[in-house]
Amino acid sequence: MICANNEISLADIEIYGFDYDYTLAQYSDGLHTMIFNTARDILIQHYKYPEGIKKYEYIPGFAVRGLHYDIQKSLLMKIDAYHYVQLGTAYRGLKPVPDDELRDLYGGTQHIPLFQMSDFYGKGPSIKQFMDIFSLPEMTLIASVTDFFISNSIEFDPVHLFKDITESIKDVHVKGMVYTWIEKDMEHRILHGDDILAVLNRLLKHKKKLFLITNSPFSFVNKGMKHMVGKDWRDLFDVIIVKADKPAFFTDRRKPFRRLDETGSLQWDKINSLEKGKIYKQGNLFDFLYLTGWRGSKVLYFGDHLYSDLADLMVRHGWRTGAIVPELEAEIRIINTEQYVNSLTWQQALTGLLERMQTHQDAESKQVLIEWLKERQELRAITKNLFNPQFGSIFRTYHNPTYFSRRLVRFSDVYMASISCLLNYDMNFTFYPRRTPLQHEAPLWMDQLCTGCMKTPFLEEMGQIR
């Protein structure tokens, strides 16, 4: 399934571009445990953290992508599209922070002034948003180490803790450990590999041009693509760029392209053209545009990181963009369960009843309102837990979109669970976003009810108000 934020016709797309990690190559969750354990051990061995943190193991499903972390306050939390923390989703260590304490920490409100605390790419200075899938073990390690210090009444500086853990996680990636783990067992570490060749061949059959821009090194990409596509994979792409250093690749004009030879060694010749089948390193988008002439809405680029892969391309350069969101598959499966549908339908009904009944001020009506509010809150908690007991869905708070969803809509024309979803659509297919009513266009709560499935008070009466 491909979901559309913006109308886009594949008939208009002449050039398809791809990131590599978690776009062409998707990985098994087993890597998260290995990243967590290795970074934890680096903290003990290199940063001399207490041996006691060794008892903490990776907790699959503790965190979700898109969470924010307040470094000074040691708070991991889910924020909605309007910069409000979803109550019940703020954690210090492995324990939730009470709602009243959360409000006290932010001056009596649950609103977070992100414009003061975080930059365009969600990287601080005092709040970081975790946007890539590899950040799941990092969030869990932060929570685990914080939990150890708090549980043992050990005073610590949260800034030092965050920096040390960030550096430990970085070490795992920079030293190539993740690459090594994947290369040693590609059969089990790389998912959906067979589908990638089918997608690329289909695009080529329809005379589309293909390119790859990735931050990963050539040796790693080469082994992975040979595994998924075959030894002649380079012949499929018109341009291949490795170690691109995104997102700086999209904004920094200073780095020229360098060519790699067949062994992966850097060459010193000046790059005046980007040749098919050749491998290039670094460079920048401005030279890329000049050398290829690939501009604007005829280009569709796919990536998994909304900031590093897609934001600059859509906002500054007018490319069409596709976000790869692997979590989408599980979320769709949940929202199609009978329990979710029934829970959400009754929540909507209760909301409408609350809106209607609040004008009644007698004691009996007020008591009914209190009971309905309590029931609505219980249903919200049940619905949240269907996705993740700590943080719920990555796409929604109770009713508002999450901050992650807001950025997903802003920086991608379409989104999907994997690149293989393209196989389900004709190459001239047009994706039309659903027209969702604005609040002034659908003021009556009954419009959001499955009226054929349930009976509610006032439904007949309200149905006549048109």
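We're numbering straight along the sequence, starting at 1.
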Which label fits [X] and [Y]: parallel for a plane angle under 30°, tilted from 30 to 60°, or perpendicular past 60°?
X	Y	result
His32	Tyr58	perpendicular
Phe149	Phe156	parallel
Phe288	Phe257	tilted
Tyr307	His305	tilted

Assess, by modelled atom type and distance only, whether the side chains of [X] and [Y] contain a donor and an acceptor separated by less than 3.5 Å.
X	Y	answer
Arg92	Thr146	no
Tyr27	Asp21	yes
Asn400	Tyr84	no

I'd like to know if the side chain of [X] reaches the main chain of [Y], judged simply by a donor and an acceptor atom lying under 3.5 Å from each other, with no hydrogens or angles considered.
X	Y	result
Asp245	Ala248	no
Glu331	Ile394	yes
Arg40	Tyr56	yes
Gln129	Gly66	yes
Asn388	Ser393	no
Lys78	Phe391	yes
Arg189	Ile182	no
Asn336	Ile332	yes
His83	Ile79	no
Arg65	Met131	yes

Mind checking the [atom1]-[atom2] spacing from [X] to [Y]? Nearest 0.5 Å is all I need.
X	Y	atom1	atom2	answer
Glu14	Trp294	CD	CH2	11.0 Å
Thr383	Trp346	OG1	CH2	13.5 Å
Glu101	Asp99	CD	CG	10.0 Å
Gln26	Ile196	CD	CD1	7.5 Å
Ile279	Leu274	CD1	CG	11.5 Å
Leu102	Leu75	CG	CG	6.5 Å

What heavy-atom pair brings [X] and [Y] nearest, and what distance separates the two atoms?
X	Y	result
Ala39	Ser168	O-CB, 3.7 Å
Val64	Met139	O-CE, 3.3 Å
Leu285	Leu313	CD2-CD2, 3.7 Å

Are more than 12 heavy atoms, taken from residues, nucleotides or ligands other than [X], located less than 6.0 Å from that residue's [atom1] atom?
X	atom1	value
His206	NE2	yes
Lys384	NZ	yes
Lys163	NZ	no
Lys276	NZ	yes
Glu329	CD	no
Asp426	CG	yes

- Task: For side chain to side chain contact (heavy atoms under 4.5 Å, CB included), just list the numbers for Thr89 and Gln390, CA-CA rounded to whole Å, side-chain angles, deciding distance to a tenth of an Å, and then say yes or no.
- Result: CA-CA 6 Å; Thr89 67; Gln390 292 75 235; over 6 Å; no

Would a 4.5 Å heavy-atom cut-off, applied to side chains only, mark [X] and [Y] as touching?
X	Y	answer
Val199	Tyr16	no
Leu197	Trp233	no
Leu141	Pro137	no
Phe62	Leu76	yes
Arg380	His399	yes
Asp309	Asp304	yes
Asn5	Pro433	no
Trp181	Thr38	yes

- Do Lys246 and Asp19 meet the salt-bridge criterion of a basic N to acidic O distance under 4.0 Å? yes

- Apply the test side chain to side chain contact (heavy atoms under 4.5 Å, CB included) to residues Ile15 and Thr292: give CA-CA distance (whole Å), side-chain angles for both, the deciding distance (0.1 Å), then the verdict. CA-CA 11 Å; Ile15 306 115; Thr292 63; over 6 Å; no

- Task: Assess Lys223 against Tyr179: is NZ or CZ under 6.0 Å from the centre of the six-membered ring, and within 45 degrees of the ring's axis?
- Result: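 No; the conditions do not both hold, so Lys223 does not lie above the ring face of Tyr179.
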
Under 6.0 Å between ring centres: does that hold for [X] and [Y]?
X	Y	value
Phe134	Tyr22	yes
Tyr49	Phe148	no
Phe18	Tyr20	no

- Decide side chain to side chain donor-acceptor pair (under 3.5 Å) for Arg396 and Ser405; before the verdict, give the C-alpha distance in whole Å, the side-chain angles of both, and the deciding distance to 0.1 Å. CA-CA 7 Å; Arg396 276 200 180 275; Ser405 281; over 6 Å; no

- Query: Does the side chain to side chain contact (heavy atoms under 4.5 Å, CB included) test come out yes or no for Asp312 and Phe249, once each step is laid out?
  - Reply: CA-CA 10 Å; Asp312 288 301; Phe249 178 87; over 6 Å; no

- Item | Criterion side chain to side chain contact (heavy atoms under 4.5 Å, CB included) on Ile334 and Phe387, from CA distance to verdict | CA-CA 7 Å; Ile334 291 167; Phe387 296 95; 3.7 Å; yes

